[in-house]
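In the text below, chain A, chain B and the rest are named by the order of the sequence lines, each starting its count at 1.
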Amino acid sequence: MSEVVELALALLVVVPVLGATLPLALGLLRDQVGWAVAVAVLAVEAGLAARVAYDLAIEGSRVVHVLGGETFGRKSQELSSGESTEGFAVGIELVGDPLSGLVVALVAGVSLGVLAFARRSGPRGNAFYSGYLLLTGGLMGVALTGDLFNLFVFLEISGLTTYALVASGRSAPSAVAALKYLVLGTTGASMYLIGVGYIFVRTGALNMVDVSETLAGNVEFLDTEGALYGDPLVVAAFGFIAVGLATKAAIFPLHTWQPDAYAEAPDTVTVYISALASTAAAYALARVTWFVFTPAFFDAGAANRRVLEFLLVLAATSVVVGSALAAMQPRVKRMFAYSSVAQFGLIVIGIGVAVHPAAGEQATRFAVYGVGIHLVGHAVIKSGLFATAGALSAATGARRVGEYAGLARERPFLAGGMATLGFALVGVPPTVGFIGKWYVALGAVEAEHWPLVTVIFVSTVLSLLYMARVLEKLYFAGSPDATGEPAEEIAGSPGGAGGAVAADGGDTAESITGESADSDEPVTTDGGGSASLGMMALALTAAVLTVVLGFAGSELSAVLDPVVEAVVDAAPEVNP
Amino acid sequence: MLETLANRYTYILFALLVVVGLYMVVASSNLVKKIIGLNIFQTGLFLFFVTTAFVDGGRSPVIPKEADAGAAFASPLPQVLVLTAIVVGVALTAVALALVIRIYDAYGTLEEETLREVRTDE
């Protein structure tokens with residue numbers, strides 16, 4: 001059975017990358033074929049991902065696929081000292097473990113879901129869907145690769161396509177935003193590559209497990225003696241890698257590309273990259289920090305500890321500054337973009353706390369739970385929020401917080417979705433946002449990092465500040481006369497309380513059954529603007545999912561148990 | 001010191017190129033120059049990788065049939081890595097230049113300062 005999964009690991013990367021050629025190739029025969037091709041390819045991808053994620057996350061197995069098979073499998077190597085080492089990885093390995101299983105499921109789910117949104121809103125060209133599929137393949141590669149240099153290549157594949165997709169809106173500001181993203185993103189990726197180069201020079205290995213074992217002094221590929229944790233080159237390598245990946249994850253002060261990119265990109269692209277681009281980088285940072293460097297590295301010397309603490313300080317600053325800037329933004333998309341800066345600060349805090357020397361087993365456990373759950377949770381919440389904002393602006397033209405006044409009465413479902421997602425972002429139970437934040441906070445408490453604990457709780461108050469601004473406008477501000485939109489869509493009931501309104505059936509427009517909401521609730525989909533069924537469905541599915549995932553919190557943390565054990569034991573292999 | 005300069009000059013060149021490139025990215029206000037800076041930055045990196053593959057008296061890593069086991073060969077792996085990185089770099093430059101063309105079409109300028117002024121006026 002595991003052979004099927006092993007093959008599926010490679011297919012998860014190969015299918016979207018090969019599929020990316022189809023929209024362009026078939027585009028020669030017919031116009032507008034991109035969307036259908038993307039749906040077909042990503043449906044296959046989702047099936048594969050479900051199978052793989054089931055094995056990895058639920059059954060907790062570790063699957064390795066060696067690209068090139070026997071030829072490039074593990075070899076033993078003769079050292080100049082006369083000894084020989086066993087199991088030197090020559091080729092590139094794709095590795096699936098519970099952590100990557102979660103990310104694989106997330107990437108596949110979001111890619112397929114966002115297509116529903118793209119149907120109406122999206123850039124329609126075939127080239128757009130080629131880029132979209134390529135990006136999916138790149139993100140899958142980031143999630144699955146077990147090789148440090150290969151990780152760089154996949155980061156750049158996903159980076160390149162992201163820049164192109166951000167600029168696919170054809171507006172001039174989006175090109176400026178994409179170029180800014182490109183310059184910063186490339187610099188970040190190159191920093192990462194410098195770090196990998198240093199590690200390669202010192203250890204002679206690129207495979208993550210091999211590097212980790214060499215750093216710990218368990219095996220040696222060059223003539224190295226014992227553990228290399230104190231080596232200045234290795235410490236510098238961690239510094240470069242952390243800076244590079246933090247740039248990609250938009251941690252203060254390297255976040256400046258993100259608000260522009262999110263705000264200027266077409267709505268579809270914003271929904272997609274807000275869910276996955278930074279998430280992939282943060283996942284990569286977690287994987288390298290936890291499993292390549294391992295907690296033992298950060299305990300090995302004063303400099304190592306100092307580097308980690310510097311990263312934690314940056315992450316904490318990111319949380320506070322991101323939230324504060326979000327509260328000041330008049331445009332909704334920019335506001336959510338800054339909120340991502342804060343949320344990824346939180347995730348990096350979790351990553352750092354898990355391996356900090358002061359963290360006991362319990363602190364590590366909570367921090368790992370927090371990172372895993374918040375990575376997935378934030379992706380669902382943030383893409384849901386951007387989808388809701390996109391659907392609202394498609395329906396009513398509102399793009400600023402001020403223009404949201406009284407929209408709850410016109411668009412009860414979307415407003416209800418935004419309220420749910422907003423509360424999830426703030427961290428109100430029983431949503432998944434609460435669980436992720438709670439575990440990160442618990443980890444910080446257990447490790448007795450009181451400044452970090454303070455930052456996390458202050459950030460909750462700050463995020464309440466900016467979400468409350470939106471919700472207050474939506475529900476409690478009067479509808480301004482100057483919206484310029486015909487009032488034909490105002491639903492029958494004046495109650496204005498979430499989903500109850502349209503359920504009265506007092507709507508004049510055609511009623512189409514929503515896929516995600518209860519099937520007997522009519523969803524108004526047409527009116528002054530045109531928020532399509534797919535847009536509504538995505539927004540509401542995300543809202544429902546945050547609550548469902550919130551209730552599934554204990555299952556999610558059970559999935560992450562093997563990851564916790566691997567981090568605690570400083571083992572490079574999860575479920576060896 | 002002199003010996004370091006003589007034997008390890010490529011490492012110094014690597015550091016120099018990276019810093020010069022990074023400085024151009026940060027300090028230059030011309031968008032095309034920024035991209036050139038990015039390229040210099042990456043070239044420095046390539047130099048580092050190629051340098052690490054160097055073996056004193058080593059031959060190119062093409063092993064003939066009747067290879068003598070004791071001969072020194074340059075490590076092929078860093079060279080493969082650099083090849084991959086060069087391809088990535090070229091693709092990035094292409095995308096960046098395409099974006100620059102679009103920006104120039106829309107705003108008629110490549111200076112960052114002017115661009116900022118034009119955009120705040122809008």
Side-chain angles (χ1 to χ4, degrees), chain A residues 78 80 90-92 131 134 147-150 152-157 159-202 204-206 221-222 233 240 260 264, chain B residues 11 14-15 18 21-22 24-26 28 31-32 34-35 37-39 41-53 69-70 72 75 77-78 80-82 84-85 87-108 110 112 115-116 118-119 122:
Chain A
E78 195 98 358
S80 53
V90 177
I92 293 166
L134 206 53
D147 184 279
L148 285 173
F149 185 79
N150 197 231
F152 163 77
V153 174
F154 279 123
L155 274 176
E156 282 299 64
I157 291 177
L160 258 174
T161 40
T162 315
Y163 313 143
L165 291 186
V166 167
S168 66
R170 307 244 162 244
S171 72
S174 73
V176 179
L179 188 67
K180 192 171 182 182
Y181 186 5
L182 185 146
V183 170
L184 272 165
T186 308
T187 312
S190 301
M191 291 285 185
Y192 171 79
L193 188 57
I194 294 180
V196 172
Y198 283 6
I199 284 189
F200 176 66
V201 169
R202 203 71 195 90
L206 285 170
F221 297 115
L222 305 174
L233 209 54
F240 275 116
D260 285 341
E264 305 298 351
Chain B
Y11 288 105
F14 148 66
V18 164
L22 213 51
M24 269 180 85
V25 172
V26 176
S28 173
L31 294 180
V32 175
K34 268 184 196 293
I35 296 168
L38 213 54
N39 271 306
F41 177 43
Q42 290 191 318
T43 309
L45 248 165
F46 302 157
L47 180 66
F48 173 72
F49 272 96
V50 171
T51 305
T52 63
S75 169
L77 184 54
V80 176
L81 300 186
V82 167
T84 316
V87 172
V88 171
V90 168
L92 275 165
T93 312
V95 174
L97 290 176
L99 290 173
V100 165
I101 291 173
R102 261 181 60 185
I103 292 171
Y104 189 76
D105 280 349
Y107 296 109
L110 287 178
E112 212 180 21
L115 197 62
R116 199 170 296 141
V118 174
R119 293 187 65 195
E122 277 176 354

Side chain, backbone, both or neither of A:Y181 within contact of chain B (heavy atoms, under 4.5 Å)
neither
Hey, could you give me the CG/CG distance between B:L31 and A:L179, rounded to the nearest 0.5 Å?
5.5 Å
Kindly write out the residues that satisfy side-chain hydrogen bond (donor to acceptor under 3.5 Å, both in side chains) with A:S171, not counting sequence neighbours, or none if the list is empty.
A:S174
If you take all heavy atoms of B:P78 and A:F200, which pair is closest and at what distance?
CG-CE2, 3.6 Å
Heavy-atom distances under 4.5 Å only: say whether A:V183 touches chain B with side chain, backbone, both or neither.
both
Can you find a pair of side-chain heavy atoms, one from B:V25 and one from A:T186, that are under 4.5 Å apart?
no
Which atom of A:A167 lies closest to which atom of B:R102, heavy atoms considered:
O-NH1, 2.7 Å
With a 4.5 Å heavy-atom cut-off (strictly below), which parts of residues 159-166 of chain A touch chain B? List them by number.
A:L160, A:Y163
If you count heavy-atom pairs under 4.5 Å with chain A, which of B:T84, B:T52, B:L115 comes out on top?
B:T84
If you tally heavy-atom pairs under 4.5 Å against chain B, which of A:V153, A:V201, A:L193, A:V196 wins?
A:L193
B:L45, part contacting chain A, at a heavy-atom distance under 4.5 Å
side chain
Answer whether the closest heavy-atom distance between the side chains of A:V176 and B:Y107 falls below 4.5 Å.
yes
Distance-minimising heavy-atom pair for B:A85 and A:F149:
N-CZ, 4.4 Å
One should read off an interatomic distance between A:T187 OG1 and B:K34 NZ, to the nearest 0.5 angstrom, of 9.5 Å
Who among B:V87, B:V18, B:L77 has the most heavy-atom pairs with chain A under 4.5 Å?
B:L77
Under a 4.5 Å heavy-atom cut-off, does chain A meet the side chain of B:L38, its backbone, both or neither?
side chain
Side chain, backbone, both or neither of A:I157 within contact of chain B (heavy atoms, under 4.5 Å)
neither
